[in-house]
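Okay, so here's the structure we're looking at.
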Amino acid sequence: MNDNKLILIVEDSDDDYYATNRAFKKDGNLSNPIVRCEDGQEALNYLSQEWTPSHPKPAMILLDLNLPGLDGRLVLKEIKSTRRLANIPIVVLTTSDDEKDIEECYDLGANTYIQKPVKLESLFDAVQKLKDYWFQIAILPKGD
């Protein structure tokens, strides 16, 4: 994956955001820009704007489910039902391991569902595997 491709993290918890961001930057082998949205509406507002060099289309979205206001399920549904956004890979990264949540997210078009590990080292390991797959193995659509 090209280092200038944006990663959008939709996460309301400061602790979870900073831990995820640290995990992505660990070992210095990912220099992609990261943008954070703290709730679902902020994410949809970001995604509804025109793509420009200073406001690029995300190459991937990490989405928490339990967001204040507009929750992650509704955000996922909106993104996947919007033609200009539907091909952006969405990784649901959440605390829930409820089978209903997992099924619903895949039914709505999530590309991957990951339960947030409790231990920081486990989060680093999960994010490393995520990076290896999405940025080394998978071929992502070219940005607009």
Side-chain angles (χ1 to χ4, degrees), residues 1-49 51 55-144:
M1 177 178 197
N2 195 327
D3 286 347
N4 65 357
K5 299 279 185 166
L6 180 85
I7 300 168
L8 179 66
I9 299 178
V10 186
E11 174 61 67
D12 62 313
S13 163
D14 288 340
D15 290 341
D16 287 350
Y17 168 73
Y18 290 120
T20 303
N21 194 357
R22 275 184 52 207
F24 266 108
K25 306 274 184 195
K26 190 175 187 227
D27 302 329
N29 62 357
L30 182 74
S31 58
N32 298 69
I34 294 176
V35 168
R36 176 188 184 190
C37 292
E38 295 185 28
D39 62 47
Q41 190 58 56
E42 183 181 355
L44 292 180
N45 290 346
Y46 180 94
L47 293 167
S48 69
Q49 296 177 36
W51 309 131
H55 187 91
K57 180 179 180 178
M60 174 194 296
I61 299 171
L62 266 66
L63 178 65
D64 186 23
L65 286 186
N66 302 311
L67 298 167
L70 195 63
D71 85 345
R73 292 160 200 81
L74 295 174
V75 173
L76 175 60
K77 182 178 182 179
E78 181 66 26
I79 292 169
K80 291 301 183 177
S81 66
T82 303
R83 192 175 192 297
R84 74 184 275 269
L85 305 175
N87 70 349
I88 301 172
I90 298 180
V91 175
V92 174
L93 184 61
T94 188
T95 55
S96 174
D97 66 351
D98 185 319
E99 189 61 35
K100 181 180 171 214
D101 287 337
I102 296 166
E103 282 188 39
E104 182 179 14
C105 287
Y106 280 115
D107 287 346
L108 291 171
N111 298 89
T112 303
Y113 189 103
I114 299 173
Q115 183 183 17
K116 290 179 192 173
V118 175
K119 294 182 180 177
L120 190 59
E121 275 308 312
S122 297
L123 176 64
F124 283 4
D125 184 50
V127 169
Q128 182 60 52
K129 289 176 182 168
L130 181 73
K131 288 189 318 190
D132 288 348
Y133 176 75
W134 286 105
F135 303 142
Q136 303 296 324
I137 297 170
I139 298 172
L140 300 176
K142 293 189 191 270
D144 294 341

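In this chain, residues are counted from 1 in sequence order.
With rounding to the nearest 0.5 angstrom, the NZ atom of Lys5 is 12.0 Å from the CD1 atom of Ile7. Atom CD of Glu42 and atom CG of Leu47 lie 10.5 Å apart (nearest 0.5 Å). A distance of 5.0 Å separates CG in Leu120 from CZ in Arg22, rounded to the nearest 0.5 Å. Between the CG atom in Leu44 and the CD atom in Glu78 there is a gap of 5.5 Å [rounded to 0.5 Å]. Here the CG atom belonging to Leu74 is positioned 10.5 Å from the CG atom belonging to Leu65, to the nearest 0.5 angstrom. Leu93 contributes atom CG, which lies 13.5 Å from atom CD1 of Ile61 (distance to the nearest 0.5 angstrom).
The environment of NZ in Lys77 is sparse: at most 12 heavy-atom neighbours from other residues, nucleotides or ligands sit within 6.0 Å.
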Practice prompt. Kindly indicate, with the supporting measurements, whether the criterion side-chain hydrogen bond (donor to acceptor under 3.5 Å, both in side chains) is fulfilled by Asn45 and Gln41.
Written response: CA-CA 6 Å; Asn45 290 346; Gln41 190 58 56; 3.0 Å; yes
Discussion item. For His55 and Val35: C-alpha separation, side-chain torsions, deciding distance, then whether side-chain contact (heavy atoms from CB on, under 4.5 Å) applies.
Written reply: CA-CA 10 Å; His55 187 91; Val35 168; over 6 Å; no
Item to complete: Report the C-alpha separation of Leu67 and Val10 in whole Å, then their side-chain angles, then the decisive distance to 0.1 Å, and conclude whether the side-chain contact (heavy atoms from CB on, under 4.5 Å) test is met.
Response: CA-CA 8 Å; Leu67 298 167; Val10 186; 3.6 Å; yes
Worksheet item: Passes side-chain contact (heavy atoms from CB on, under 4.5 Å), Asp39 versus Leu70? Steps please.
Response: CA-CA 7 Å; Asp39 62 47; Leu70 195 63; over 6 Å; no
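Shown here for Asn111 and Pro89, the closest heavy-atom pair between the two residues is OD1-CA, 3.2 Å. The two atoms that bring Tyr46 and Pro56 nearest to each other are OH-O, 2.8 Å, heavy atoms only. What you find for Leu76 and Ile90 is that their closest heavy atoms are CD1-CD1, 3.6 Å. The nearest pair of heavy atoms linking Thr95 to Gln115 is O-NE2, 3.0 Å. Closest approach of Leu123 and Ala23 over heavy atoms only: O-CB, 4.4 Å. The nearest pair of heavy atoms linking Asp71 to Arg73 is OD2-NH1, 2.7 Å.
Listed for the Lys80 side chain is a donor-acceptor partner under 3.5 Å among the backbone atoms of Ala86.
Using a 4.5 Å heavy-atom cutoff, the side chains of Thr20 and Glu11 are not in contact. At a threshold of 4.5 Å between non-hydrogen side-chain atoms, the residues Tyr17 and Cys37 do not count as touching. Counting heavy atoms from C-beta on, the side chains of Val91 and Tyr133 never come closer than 4.5 Å. Side-chain contact between Asp16 and Asp64 is absent, with no heavy-atom pair separated by less than 4.5 Å.
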N/O donor to acceptor pairs below 3.5 angstrom from side-chain atoms of residues 102-109, sequence neighbours left out:
unit_1	atom_1	unit_2	atom_2	d
Tyr106	OH	Tyr113	N	3.1

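Residues passing the side chain to side chain donor-acceptor pair (under 3.5 Å) test with Arg36, sequence neighbours excluded: Asp14.
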